[in-house]
Amino acid sequence: MVNRLVLFVSGICCMFFMACGTSPDVPRERIDFTEGWRFRLGDTPEAADADFVDEEWRMLNLPHDWAIEGDFSKDNPSGTGGGALPGGIGWYRKTFVPEKSDVDKKIRIVFDGVHMNSDVYLNGVLLGHRPYGYITFGYDLTPHLKWGEKNVLAVRVDNSEQPNSRWYSGCGIYRNVWLVKTASVHVGEWGTYVTTPVVNESEAVVNVQTIVFNETDASTQITVCSSLFDAENKCVAKADTLCTVGGGTDTITVQQLKVASPQLWGIEEPYLYTLVTELFDGDRCVDRYETPVGIRTFSFDAEKGFSLNGKPMKINGVCMHHDLGCLGAAVNIRAIERQLEILKEMGCNGIRCSHNPPAPELLDLCDRMGFIVMDEAFDMWRKKKTTHDYSRYFNEWHERDLRDFILRDRNHPSIFMWSIGNEVLEQWSHADADTLSLEEANLILNFGHSKDMLAKDGEMSVNSLLTKKLADIVKQLDPTRPVTAGCNEPNPFNHLFRSEALDIIGYNYHNVNVPDVPANFPGKPFIITESNSALATRGYYRMPSDKVYIWPERWDKPFADSSYSCSSYDNCHVPWGNTHEETIKLIRDNDFISGQYLWTGFDYIGEPTPFGWPARSSYFGVVDLAGFPKDAYYLYQSEWSDKQVLHLFPHWNWKEGQDVDMWCYYNNADEVELFVNGKSQGVRSKTPDCLHTVWRVRFEPGSVKVVARKAGKIVGEKELRTAGEPARIRLTPDRSQLAADGKDLSFITVEILDKDGNLCPNADNLVNFNVKGDAFIAGVDNGNPISMERFKDTKRRAFYGKCLVVVQNKGKKGMVHLMAMSDGLQPADVEIVID
């Protein structure tokens with residue numbers, strides 16, 4: 001059994017800052033540095049120089065993804081796996097004037113993510129290079145600043161060598177950028193670490209570790225003050241520590257706070273405290289910031305699975321890639337929040353960050369909304385999966401990147417486990433050219449193992465030792481959480497398993513091997529780190545529904561089907577995967593399985609398995625790329641949540657006399673009865689072996705209705721009607737009031753209806769959009785994996801009756817008016833308040 005684990009804190013240190021009451025100065029500022037950048041696509045080496053003239057370059061705000069603005073093409077080097085969108089080299093430049101009053105401060109620039117191979121220059125001086133496109137990094141600007149004068153920050157981004165990810169990566173400075181101002185004596189970056197070694201109903205012990213840096217020449221005495229506030233802003237615990245910090249050195253203080261009758265962080269009630277850290281030089285506050293804190297206990301047990309705050313529960317999670325559909329990889333808090341809201345409504349309680357460090361905003365939202373996160377570092381180690389991937393940089397950069405990843409994220413209560421890799425090829429032995437020599441192994445591992453040992457065990461020793469090295473780095477920085485990896489080799493001789501460094505055994509797929517886990521890995525907890533890979537196209541149904549389509553026949557065998565569509569009956573999956581129902585039942589019936597992370601929550605750009613061009617986005621999601629749920633969404637909702645569910649599908653527009661399979665997902669009922677134009681088609685009930693009901697009926701225009709009963713009483717009804725010809729448009733915004741911050745979004749569902757208001761399930765009308773007021777169209781989508789329409793446009797075809805338009809405010813208060821028009825249809829409009 002993994003040691004009982006406790007606590008944690010959410011958010012990155014220095015999320016929010018304010019002036020200390022005892023000082024007129026703001027001791028620390030974290031400034032949004034995303035506005036007013038200039039951009040040019042193409043390599044312009046001279047743009048690194050401060051005097052370069054960039055006035056003709058495009059002006060934009062970050063985050064920015066230039067690839068999502070492009071056209072799909074089978075000739076783009078990213079391939080369909082990377083979304084068939086363009087890559088290239090781009091330059092960004094920003095001019096700013098540091099205030100002379102800040103001359104005694106330290107100024108740092110922080111990039112949450114740049115994809116990829118970034119070079120950052122300040123006034124022509126190269127500050128550094130980072131190849132990994134998913135990592136957060138920063139540089140000290142202070143030595144090269146010109147106070148009170150124009151300074152130029154220039155960033156070169158090279159994403160020209162593709163493919164370098166097995167999914168859509170995006171291109172550019174696609175996450176947020178921050179300018180951090182501190183005094184010369186300050187807490188270091190990610191310099192606070194909070195844990196709770198003791199948690200019970202009466203008391204929680206909160207340990208706070210703080211690293212204080214003194215970047216002056218003189219030794220100084222500093223008081224470290226840590227205050228914990230509850231959600232009502234009441235101080236519940238406080239500690240002060242006086243320490244001496246030598247000039248040009250740092251010191252670590254460790255403090256203990258005790259909280260009486262603590263409120264625990266949980267899935268339904270993710271309660272957060274706030275830790276306020278202050279540094280005082282005498283009476284003067286020289287640093288101050290806040291860290292959200294969540295107090296909770298959890299355990300992974302080899303027999304009983306997962307428990308949170310002492311209560312057994314299943315992790316009902318999903319895997320998520322980082323793109324935001326038509327917005328691309330460019331981070332937007334509201335777009336991420338919308339995804340999480342849709343998943344939470346489904347009954348999802350967990351997120352796996354597949355397969356790279358996520359945007360910090362995702363973790364902040366998971367803290368606040370209550371998700372169990374599996375935070376993942378790498379998709380590959382030293383063995384490549386695509387031609388130009390991170391394996392080229394792994395030997396040099398893996399230790400730095402892994403340390404930065406853990407230090408950045410370890411204070412989030414939503415994170416319950418670390419993953420050091422996904423389906424890495426080091427699971428297996430290969431007698432090929434990339435087998436390491438002793439010298440190469442020692443260079444990577446920094447271990448002094450003997451040549452005899454390596455000669456005896458060969459690559460197994462190298463890969464097992466590498467696994468142990470990565471796990472040890474994690475445990476050195478955060479010993480409170482377990483380490484796992486997503487493995488697609490269930491054999492106990494898998495080198496990652498043989499290392500004995502993994503605290504939790506994680507399988508990707510291989511359901512048939514799951515029952516053998518307790519015998520093969522005695523005493524080890526287990527989780528399905530990636531499940532199913534079931535395939536579906538929203539709105540498409542292939543009958544008979546009791547026939548299972550395994551596409552492709554084999555992972556390495558070409559596959560083609562003229563429909564470029566996958567059935568939504570939960571009867572289509574990849575050969576290494578399973579149907580949704582199969583895995584739900586497997587986990588339900590085995591206590592030792594901690595849960596699953598379903599592949600995937602949302603469709604994502606790239607990896608359009610089982611198809612090739614012109615398919616350019618995935619079919620795996622239970623929610624499509626536009627954010628519209630597929631039918632399997634309601635299966636999970638009926639099994640994972642207590643919400644009343646009665647979902648009847650498919651639609652009721654077929655050829656007269658055609659046999660149609662009608663499925664129903666439901667819960668909180670004993671039976672369901674189907675009626676076609678008022679005539680009963682029989683009563684059905686779910687069974688432990690079948691989580692849906694089905695009727696094969698003859699289509700006749702009119703209506704089909706399902707009635708749910710519990711103890712003989714009707715508890716729900718759902719009716720579908722045959723739709724006529726498309727007649728009008730309906731617009732439904734997810735939010736009709738936005739913050740005037742220049743970033744907030746409204747996602748507006750566009751539906752094609754007949755004259756009676758029925759959705760036209762096969763409509764593909766082209767819809768044009770026009771927006772008036774201080775807003776613009778940020779993107780359009782419809783969930784069609786083979787659409788060649790641009791994501792950045794003012795028009796979109798409906799796909800099975802629906803499409804999406806996303807409206808973004810410009811930062812000014814007022815009223816926004818969106819009009820949707822299509823030839824032959826009654827137009828629609830909607831108003832959105834920007835406040």
Side-chain angles (χ1 to χ4, degrees), residues 6-30 104-106 108 140 180-198 204-230 233-260 262 272-295 406-408 410-413 477-480:
V6 290
L7 147 106
F8 262 85
V9 297
S10 105
I12 303 170
C13 295
C14 314
M15 284 181 57
F16 178 76
F17 309 96
M18 62 183 69
C20 177
T22 60
S23 171
D25 300 322
V26 177
R28 176 186 287 253
E29 294 178 85
R30 186 172 185 256
D104 293 327
K105 294 185 178 181
K106 294 294 179 180
R108 183 174 179 80
D140 182 8
V180 181
K181 299 181 183 181
T182 65
S184 295
V185 178
H186 58 91
V187 177
E189 184 180 29
W190 309 319
T192 295
Y193 178 41
V194 185
T195 59
T196 52
V198 177
V205 174
V206 180
N207 281 350
V208 182
Q209 177 181 293
T210 308
I211 303 177
V212 181
F213 282 79
N214 179 4
E215 297 192 58
T216 71
D217 295 330
S219 178
T220 185
Q221 280 196 327
I222 294 293
T223 300
V224 180
C225 178
S226 296
S227 306
L228 192 68
F229 292 83
D230 65 15
N233 204 32
K234 176 184 176 182
C235 185
V236 297
K238 185 176 181 180
D240 295 338
T241 301
L242 182 65
C243 63
T244 300
V245 192
T249 66
D250 63 79
T251 189
I252 298 176
T253 65
V254 178
Q255 299 168 311
Q256 188 176 92
L257 307 176
K258 293 185 178 181
V259 182
L272 293 175
Y273 292 85
T274 301
L275 177 71
V276 176
T277 300
E278 296 172 298
L279 302 187
F280 287 93
D281 182 355
D283 292 332
R284 185 168 64 96
C285 182
V286 296
D287 202 357
R288 186 187 194 280
Y289 59 88
E290 299 183 3
T291 305
V293 174
I295 299 173
I406 301 298
L407 289 172
R408 187 198 74 167
R410 64 183 178 174
N411 285 335
H412 286 278
L477 299 173
D478 178 27
T480 69

Visitor: Can you check whether Y273 reaches V236 side chain to side chain, under 4.5 Å on heavy atoms?
Guide: yes
Visitor: Closest approach of K106 and A183, non-hydrogen atoms and distance?
Guide: CG-O, 4.1 Å
Visitor: Just verifying a value: how many Å separate D250 CG and T210 OG1, rounded to the nearest 0.5 Å?
Guide: 12.5 Å
Visitor: Which value, rounded to the nearest 0.5 Å, describes the distance between I222 atom CD1 and E278 atom CD?
Guide: 12.5 Å
Visitor: For side-chain contact (heavy atoms from CB on, under 4.5 Å), just list the numbers for E29 and K105, CA-CA rounded to whole Å, side-chain angles, deciding distance to a tenth of an Å, and then say yes or no.
Guide: CA-CA 11 Å; E29 294 178 85; K105 294 185 178 181; 4.0 Å; yes
Visitor: Which pair of non-hydrogen atoms, one from Q255 and one from A239, has the smallest distance, and what is that distance?
Guide: NE2-O, 3.4 Å
Visitor: About how many Å separate OH of Y289 and OG1 of T192, when rounded to the nearest 0.5 Å?
Guide: 2.0 Å
Visitor: Got V293 and T274 here, is their nearest side-chain heavy-atom distance under 4.5 Å?
Guide: no
Visitor: Does the pair R408 and I406 meet the rule for a side-chain contact (heavy atoms from CB on, under 4.5 Å), with working shown?
Guide: CA-CA 5 Å; R408 187 198 74 167; I406 301 298; over 6 Å; no
Visitor: Strictly by modelled atom types, are E215 and S184 linked by a side-chain donor-acceptor pair under 3.5 Å?
Guide: no
Visitor: Is there a side-chain contact between V245 and S219 in this structure, where contact means two heavy atoms from C-beta onward sitting under 4.5 Å apart?
Guide: no
Visitor: In sequence, state the C-alpha distance, the side-chain angles, and the governing distance for L275 and E290, and then conclude on side-chain contact (heavy atoms from CB on, under 4.5 Å).
Guide: CA-CA 6 Å; L275 177 71; E290 299 183 3; over 6 Å; no
Visitor: Find the distance between CG (L228) and NZ (K234) and round it off to the nearest 0.5 Å.
Guide: 12.5 Å
Visitor: So, do T244 and T251 sit near enough that their side-chain heavy atoms are less than 4.5 Å apart?
Guide: no
Visitor: Nearest 0.5 Å, please: how far is CG in N207 from OH in Y193?
Guide: 10.0 Å
Visitor: Side-chain contact test, heavy atoms from C-beta onward, threshold under 4.5 Å: evaluate it for F213 versus V187 and give yes or no.
Guide: no
Visitor: Check whether D230 reaches the backbone of N233 with its side chain - one donor and one acceptor, N or O, closer than 3.5 Å.
Guide: yes
Visitor: Heavy-atom distance under 4.5 Å between the side chains of C243 and Q221, does that happen here?
Guide: no
Visitor: Run the side-chain contact (heavy atoms from CB on, under 4.5 Å) check on V212 and V185 step by step: do they pass?
Guide: CA-CA 7 Å; V212 181; V185 178; 4.1 Å; yes
Visitor: Should the pair R28-D287 be classified as a salt bridge under the 4.0 Å nitrogen-to-oxygen rule?
Guide: yes
Visitor: If you round to the nearest 0.5 Å, how far is OG1 of T195 from CD of Q209?
Guide: 8.5 Å
Visitor: Do P413 and L272 have side chains that get closer than 4.5 Å, going by heavy atoms?
Guide: yes
Visitor: Checking N214 side chain against A218 main chain: does a donor-acceptor pair fall under 3.5 Å?
Guide: yes
Visitor: For residues V206 and V194, determine if any side-chain heavy atom of one lies less than 4.5 Å from a side-chain heavy atom of the other.
Guide: yes
